[in-house]
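Just so we're clear, the structure is a prediction, and the values are computed from it rather than from any experiment. For this chain, numbers begin at 1 and follow the sequence in order.
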Amino acid sequence: AIMVALHKTMISELDGIGKKMPLTMTAFFIAALSIIGLPPLAGVWSKLLIAQGALVADHIWVVGVLLLSSLLNIAYLLPIPIRAFFARASHVGSEVAVSEVTIKEAPLPCLIAITITSIACVLLFLWPDSVLQLLTNIE
């Protein structure tokens, strides 16, 4: 959505963009927290089930890998929304600051897709049984 709307590819170019694209960056933040595996988002279930299976199989090292994975996810995913919402846009060399460019949200199809997936991350945390039942009925 950011690439489509702004043609930006560098994280350093996203300072202050959260105020101009709040839906896009909020959806990114929700997705990042889900990937990290924090409740109340659906990503927590996959990590918990993998950890549970590893403990049952007596493979404690897998739990360590999951914890390391979550820490690495925090390190590389959370700086993006932090910069987007809390960093002040500034000039970098001859580039124009984000706040000085006319920025609007991504196109509607992008917003629909990221909004649906963000809502699904929360709903699948609250009601995972429906998906689990669907998956167990597939033969």
Side-chain angles (χ1 to χ4, degrees):
I2 294 167
M3 178 62 188
V4 169
L6 301 178
H7 306 290
K8 303 287 183 191
T9 58
M10 305 289 289
I11 293 172
S12 60
E13 298 173 325
L14 303 181
D15 290 349
I17 201 171
K19 294 173 182 109
K20 304 284 185 175
M21 299 178 77
L23 291 174
T24 300
M25 291 314 300
T26 299
F28 182 92
F29 184 57
I30 290 169
L33 293 178
S34 186
I35 291 169
I36 291 167
L38 294 177
L41 301 166
V44 72
W45 296 124
S46 61
K47 290 197 179 200
L48 284 175
L49 292 172
I50 292 170
Q52 181 183 23
L55 292 173
V56 168
D58 203 26
H59 294 298
I60 295 173
W61 63 271
V62 173
V63 176
V65 170
L66 284 172
L67 290 174
L68 179 62
S69 166
S70 289
L71 291 174
L72 290 172
N73 287 331
I74 290 168
Y76 71 81
L77 287 174
L78 285 188
I80 298 169
I82 289 170
R83 288 183 79 136
F85 286 114
F86 300 111
R88 184 175 290 176
S90 61
H91 287 19
V92 179
S94 62
E95 295 179 21
V96 178
V98 168
S99 62
E100 295 176 9
V101 177
T102 303
I103 297 173
K104 55 184 178 182
E105 283 287 353
L108 187 59
C110 289
L111 289 178
I112 290 170
I114 62 177
T115 301
I116 289 171
T117 54
S118 296
I119 292 169
C121 281
V122 175
L123 294 178
L124 289 173
F125 172 80
L126 298 172
W127 296 285
D129 294 334
S130 57
V131 174
L132 289 174
Q133 287 175 355
L134 177 68
L135 291 174
T136 55
N137 290 332
I138 296 175
E139 295 179 16

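Between Leu124 and Trp45, every side-chain heavy-atom pair lies at or beyond the 4.5 Å cut-off. In this structure, the side chains of Ile11 and Pro79 stay at 4.5 Å or more apart for every pair of heavy atoms. Side-chain contact between Met21 and Leu6 is present, with heavy atoms from C-beta onward closer than 4.5 Å. No side-chain heavy atom of Ile17 sits less than 4.5 Å from a side-chain heavy atom of Arg83. The side-chain heavy atoms of Leu78 and Phe29, taken from C-beta on, include a pair separated by under 4.5 Å. The side-chain heavy atoms of Trp127 and Leu123, taken from C-beta on, include a pair separated by under 4.5 Å.
Taking hydrophobic clusters as Ile, Leu, Val, Met, Phe, Trp and Tyr residues chained together by side-chain heavy-atom distances below 4.5 Å, Ile50 does not share a cluster with Ile35. At a threshold of 4.5 Å between side-chain heavy atoms, the hydrophobic network of Ile, Leu, Val, Met, Phe, Trp and Tyr places Phe28 and Ile116 in two separate groups. Side-chain heavy atoms closer than 4.5 Å link hydrophobic residues (I, L, V, M, F, W, Y) into clusters, and following such links, even through other members, never connects Val4 to Ile80. In the hydrophobic cluster analysis, where Ile, Leu, Val, Met, Phe, Trp and Tyr join through side-chain heavy atoms closer than 4.5 angstrom, Phe125 is grouped apart from Ile114. Using a 4.5 Å cut-off between side-chain heavy atoms of Ile, Leu, Val, Met, Phe, Trp and Tyr, with links allowed through other members, Ile82 and Leu41 fall into the same hydrophobic cluster.
Residue Lys8 comes nearest to Leu14 through the heavy atom pair CB-CD2, 4.2 Å, listed as atom of the first residue, atom of the second, then distance. In terms of heavy atoms, Ala5 sits closest to Lys104 at CB-O, 4.1 Å. The two atoms that bring Lys47 and Asn73 nearest to each other are NZ-ND2, 3.5 Å, heavy atoms only. Nearest heavy-atom pair, Val44 versus Gly37, reported as atom, atom and distance to 0.1 Å: CG2-O, 3.3 Å. Of all heavy-atom pairs spanning Cys121 and Ile30, the tightest one is CB-CG2, 4.2 Å. Between Ala51 and Val63, the shortest heavy-atom distance links the atoms O-CG2, 3.9 Å.
The backbone N or O of Val65 sits nowhere less than 3.5 Å from a side-chain atom of Ser69 that would complete a donor-acceptor pair. Side-chain atoms of Ser46 come within 3.5 Å of backbone atoms of Gly43 as a donor-acceptor pair (strictly under, hydrogens ignored). A distance-only check finds no donor-acceptor pair linking the side chain of Thr26 to the backbone of Leu23 [under 3.5 Å]. No donor-acceptor pair closer than 3.5 Å links the side chain of Glu105 to the backbone N or O of Leu111.
To the nearest 0.5 angstrom, Asp129 atom CG is 12.5 Å from Leu134 atom CG.
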